Structures are given as C-alpha cells and as structure tokens.
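Both counts, for ligands and for their atoms, begin at 1 and track the order of listing. Not measured: the values here are computed from a predicted model.
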Amino acid sequence: MKVETPQKKEIAVTEHEKHPKATKQEIIKKFPVKVNLENYEEAYANFDWADAKKELSYFAGGKINAAYNAVDRHMHDGRRNKVALYCIDAKNKLEKYTFQDIYHLSNRMGNALKDLGVKKGDRVFVFLPRVLELYVATIGIAKVGGVVGPLFSAFGPDALRDRLQDSQAKVLITTPELKGKIDGIKDQLPDLEYVVVVGADQSKLGPGELSFDVLMNEASPELKCEQLDPEHPLYLLYTSGTTGKPKGVLHVHNDIIGHHMTSKWVLDLRDDDVYWCTADPGWVTGTVYGIFGPWSNGASVVTYEGRFDAQSWYEVIDRMNVTVWYTAPTALRMLMKAGDEIVYQNSLNSLRHILSVGEPLNPEVVRWGMKVYGLPIHDNWWQTETGMQLIANLPCMPIKPGSMGKPLPGIEASVVDDEGNPVEPGQLGRLVVRPGWPSMLREVWRNEEKFNEYFRIKGWYFSGDNAWIDEEGYFWFVGRADDVINTAGHRVGPFEVESALVEHPAVAEAGVIGKPDKERGEIIKAFVVLANGFSESEELIVQIKEHTKKNLAAHAYPREIEIRDTLPKTRSGKIMRRLLKAWELGLPTGDTSSLEED
Ligand code: ATP
Ligand code: MG
C-alpha cells in the first residue's frame, strides 16, 4: 500500500521549555532527574520480560494471583498502613482505606463468594459506581479465581443484557439504584444465580437477591488467596464499541507483570505519589491503571464518584494533592473549553505528571496543557485487547505533540502494509505488534474466529488502527483503519483534520468522516461543536474551512461542515465516527449499546 502521509514538522516540547505558570525552580522540583525509567534506549535494547517477573510475587511452582500482588503483599513490605484508596463520594465526602483495610475487606468478599458457590472461572460482574465496594469486589473476586466482569454504571438494560448473556455471568454485584436496570431483564439471564446488592436491607430484596453488607459481615476476614496458574482468567471486559459490537476480551493473572511494569515506567509511580486515574473501572483503563497497576506498585489511588465538571475536577486535584493524573482527550478538550481562567483560580501545584489515553490527543491540547498546567501531557496508546500500554511518551523522552510516543521496552511494534511487510518511515500503514507481551488478550469470549482474525497475517497482532512512524521512531496515530478517508486519490486520517479544526478558536470538538462523492471518491465532512461564545454563521464556516486549508493541506480540508450541539460518543468518551457516517448516509446505525446518552 503506497500512501501519502502528511509530514508536518513538529517542534519537540521538552519539560524544560519555558511556560507562564511555573518558574524554573518549580520545574526542577517537579522533574527531579530521577524518573523510574531513565534511559529508554538502554532499556529497550536490554529489557527482557523474564526480568520483570522478579518484581512480582509468585507462589511455589510458578503460581500467581494478581490480587495478591496488588494488595496482600503490601501486608509485608511496609505499606500495610499506607492509604491504598481515597474515596471521594458524589457529595464530596472523603474516606480513606489502607492496604490492610482493603486486604481484610477483599478477604471477606472472597469468602462470601465462596459461600455462594462461586468456583474458579465463574464470571462475577461488578455493576457499581466508583465506590469502595467496587474495588473490594474486584480484588475479592480475583482472590478466589473468579473472573471479574467490570460494567460501567451508566449502562442501560440493553448493554447489560448483551454482556451478562454473552458471558453467562453467575453473580452480579450492584446497588439498589442500579438494580432497577436488571430487574426487567432478569428473566433473560438464566445463568445469573445471585444479585448482590450493596447497602440494601435484606428484607426488601427479592428471590436470588442478597445483601452485600450481610454477606460481608458474616464472612471471615481471613482468606488464603488462590494460587493460580498464570494463564488463569482474571477479567473479562467488553471493548468500547467505537467501531462495532463490543467484543468480550479475556485477560489472565499473568497480565499483572505488564500492569506493574507499565505503571512503573509510564505512570512513573513512586511511593510518595497520590495518583488519580479518571477512567471508570468499567473501561480497561480504570481496571488496569485504576486498580491493579498502581496498587501493584503500592501507590495511593484517588477515586471520585462525581461527574465531570472542570471546577470539581480541579478541586479533587487540589484537595488530594494529586501528583500523577491519568485522563483522556475528551476530558482534556472539555477542560480546554472551560477556559484558562478556571485553571488559574485553582492551584494545581501538586501535579508533576499528566497522561492521556483512549483517543488521539490533539497537539493543540498538548500545547494548551503546557501553557496552563506548566506540564506536558503524555499520550500513550493501547487497547482493551492489548491489556497494557504498549506505545508511550515516557517521562524520560521529549514529547512531540500529536505523537503517541515509542514502543515500550519489551514491545516490538511496527507499521506494515496489508501483507504484513513493514513500510518506510513516514508512510501510512497498519499498526501491528509482535505477540508475546504478558497482558495480551487470551480469548475473545467464545469467539475463536474473531480472536484469530487479530493474528491473521505473518504472526503480527493487527490492532485495527492506522499509523506512521517518523525517522526518530515516534509513532503517529492516523485513525481507525475503517475511518481512513480516500479523497481524490489522497488518503487522509480523520484525526489530523480534527486536530487542525480544534486549533481554530471557535471549534471545541470535531468529528470527521468521508462522505461518498461522485467526483472525488469521498469528500471530507466535519461535524463541529462550537466553543463557548461562538454562534453558527456562514461566515464562520468559511473561516474554519480556510483555516484548515491553510494549516493542514488543500486536499485535506473539510468541504462540508455541519455545526452540532454534541458529537455522538461512547460512554467512555470516544467520538463515534461510524454513527456520524450512518446518520449522514441514512444507513443502519448498528450496535449502539455503548452510546452515551445526553
Ligand atoms: P471497539 O474495539 O469496540 O470498536 P474501541 O477500539 O474504542 O472499541 P478500546 O479498546 O477501549 O475500544 O479502545 C482502543 C482504541 O482506542 C485503540 O484501538 C485506538 O483506536 C484508540 N486509542 C487508544 N489510545 C489512543 C491514543 N493514545 N491515540 C489514538 N488512539 C488511541
Ligand atoms: Mg477496538
């Protein structure tokens, strides 16, 4: 596949670049020379996954348990009384739990599940808001060898039925408020034996429903964590559904090696950090980097039950003195939309490291982050299927805004043509990875054919994303393979057009698709949400088009722009271009179970 790739010159932004918010002294304070991974090249050349195993705790005979590594081992390494979890509830009440608290509570959970007859390999789904019980349940299920099924609390009955039916879930843990979404579909879930309800009065529950609190009180706080084969399943998580029907991705206990190492290198977690991952554990980021990875490193984790709004989020950072903050482009774009003033009204001085994942991070957002937070935002790439970060901007490397960074030590990633042959630097192709990293998916739930599709060519894992690599080995995301637009013989990725659009002050968000066109094959159509203070006019649309033409390329500007109040997004905040396209062309919308409701 011979394709054109825009080769825009990017200026490297380094940690030491001048910016208005921080003085030089502050920068030095925020960036002590020592980061967990100091020399990328050296580590990349010498690293072996076998060495990483030494950082984890194994039982005799090579058995392991990810939950033991995340919690139990801190009973003996001096972290017993360290805060594991800061919970801020929806009313802003703060509770703290030490590793010892989580240890005992998750032991009780494990015992309670055993009493219910949960056996190794049974699927236990967690349908909870971001409260203590979510964390306790996840660890408790893993301790007894059950398969954790994380579910986002905003899922509606259809999304729940699809996932619980497909996975043949045996137990579901939820709240009285959320239980209403299950009541109407229960008769369609023949495998679901128990619904365990947090904070419910047993006398008010129906058949097959049990009070979480009663179960926990009756269960012993002492439990011997199951010693499991490293290939024993740990969690089953459904993908975001951005490109189609969500796939059930199965991961194993051995994944903890990847969780541990990447949390150490990419999140750069250290003992004195207060870490906040804004992703809900219903998504892979919230499970891997909100629970297992940081806890395996003994970090204190913050969880916030409330919804997004700029001031509340900044308050969480200041109140908790968050040092490491892992978030997503959609949130960062909304924060940018909320403006600079609100940033300056808060301190945010505790922050030392910011990261982003889930969607392409527009360069404009990185530059804005430098300006207002005085810190670069570290983009990194991975998928539900990859189970851990694979490509990242590490703290030790200069950031190129718009790039996802470089493959981590132990990861061979490449960009190849349709036959699996690596393309030249600067050429667009398919982003692939050589199988063998510890957290790789082990199964698409009961769908071997789908699983095999990922590995169909020359032994590569095909990610389904398109990218290019620059001369210095940095990877640049172009779009989902299905989203690449072919206009008058040019191949254009939606991301670069969207990024050029959001550079215009009137544009808060943009979603770009290819629209069939007799003359050009496809034309580029952009759906745009305007920033505060701007209103739709012919003149403004022309201005935005001209801006994109000038800053990106004449062939890559959107010939059509439609202003919208919102863009369709998954509940995890990803723009659903396939819906924009289906609506535009009057085609069936396909699976919309992950669609966010306004
Ligand atoms: P589905 O597979 O159901 O269509 P999804 O691919 O959005 O949904 P996830 O596994 O949650 O489900 O997301 C992984 C995808 O998110 C990647 O394949 C990529 O397209 C996108 N992504 C993640 N991180 C980045 C990043 N840093 N830059 C660009 N894209 C990213
Ligand atoms: Mg995907």
Under-4.0 Å heavy-atom contact with ligand 1, by part of D465 that carries it:
side chain
Taking 4.0 angstrom as the limit and counting only heavy atoms of E359, give me the atoms of ligand 1 inside it, by number and element.
22 (N), 23 (C), 24 (N), 25 (C), 26 (C), 27 (N), 28 (N), 29 (C), 30 (N), 31 (C)
To the nearest 0.1 Å, how far is atom 29 (C) of ligand 1 from its closest protein heavy atom, and which atom is that?
P360 N, 3.2 Å
Distance from atom 4 (O) of ligand 1 to nearest protein heavy atom, with residue and atom
T243 OG1, 2.4 Å
W468 and ring-ring contact (aromatic ring centres under 6.0 Å, His included): which single residue from F475, F477, W476 fits?
W476
Based purely on interatomic distance, does S356 place a nitrogen or oxygen under 3.5 Å from a nitrogen or oxygen of ligand 1?
no
Counting non-hydrogen protein atoms only, what is the nearest one to atom 7 (O) of ligand 1? Give residue, atom name and distance.
T242 OG1, 2.4 Å
Just jot down the ligand 1 atoms closer than 4.0 angstrom to any heavy atom of M404, in number order.
28 (N)
Is E509 paired with R333 through a side-chain N to carboxylate O contact shorter than 4.0 Å?
yes
Within the structure, does F477 bring an N/O atom to less than 3.5 angstrom of an N/O atom in ligand 1?
no
May I ask you to identify the nearest protein heavy atom to atom 10 (O) of ligand 1, giving residue, atom name and distance to one decimal place in Å?
T384 OG1, 2.6 Å
Using a strict 4.0 Å threshold on nitrogen-to-oxygen distance, state whether D158 and R161 make a salt bridge.
yes
Provide, to 0.1 Å, the distance between atom 24 (N) of ligand 1 and the closest protein heavy atom, together with that atom's residue and name.
G358 N, 3.2 Å
Whether D273 and R352 form a salt bridge (side-chain N of Lys/Arg under 4.0 Å from carboxylate O of Asp/Glu) is what I want to check.
yes
Between R480 and ligand 1, does any nitrogen or oxygen pair lie at a separation below 3.5 Å?
yes
Heavy-atom count around K458 NZ within 6.0 Å, excluding the residue itself: above 12?
yes
Side-chain ion pair, E584 and K581, N-O less than 4.0 Å
no
For ligand 1, is there an atom lying under 4.0 Å from some heavy atom of K245?
no
Please confirm whether Q383 comes within less than 3.5 Å of ligand 1 when only nitrogen or oxygen atoms on both sides are compared.
yes
Enumerated ligand 1 atoms positioned under 4.0 Å from heavy atoms of D379:
26 (C), 27 (N)
Determine whether the side chain, the backbone, both or neither of N380 has a heavy atom under 4.0 Å from any heavy atom of ligand 1.
backbone
Regarding D162 and K245, does a basic nitrogen lie under 4.0 Å from an acidic carboxylate oxygen?
yes
Residues, nucleotides or ligands: over 12 heavy atoms within 6.0 Å of E231 CD
yes
Would you check whether G241 has a nitrogen or oxygen atom less than 3.5 angstrom from a nitrogen or oxygen atom of ligand 1?
yes
N-O pairing of D470 and K400 below 4.0 Å:
yes
Proximity of W276 and Y314 rings by center, below 6.0 Å:
no
Would you mind checking if E359 and K569 are paired as a salt bridge, meaning a charged N to carboxylate O distance below 4.0 Å?
no
Taking the six-membered ring for Trp, are F47 and W265 ring centroids under 6.0 Å apart?
yes
Heavy-atom contacts with K247 under 4.0 Å: which atoms of ligand 1 show up? List them by number with element.
1 (P), 2 (O), 3 (O)
Which class fits the ring pair Y461 and W437: parallel under 30°, tilted 30 to 60°, perpendicular over 60°?
perpendicular
One residue to check: W382. Relative to ligand 1, which of side chain, backbone, both or neither has a non-hydrogen atom less than 4.0 Å away?
backbone
By number and element, which atoms of ligand 1 are closer than 4.0 Å to a non-hydrogen atom of K574?
7 (O), 9 (P), 11 (O), 13 (O), 14 (C), 15 (C), 16 (O)
Atoms of ligand 1 less than 4.0 Å from V357 heavy atoms?
24 (N)
Identity and separation of the nearest protein heavy atom to atom 11 (O) of ligand 1
S240 OG, 2.7 Å
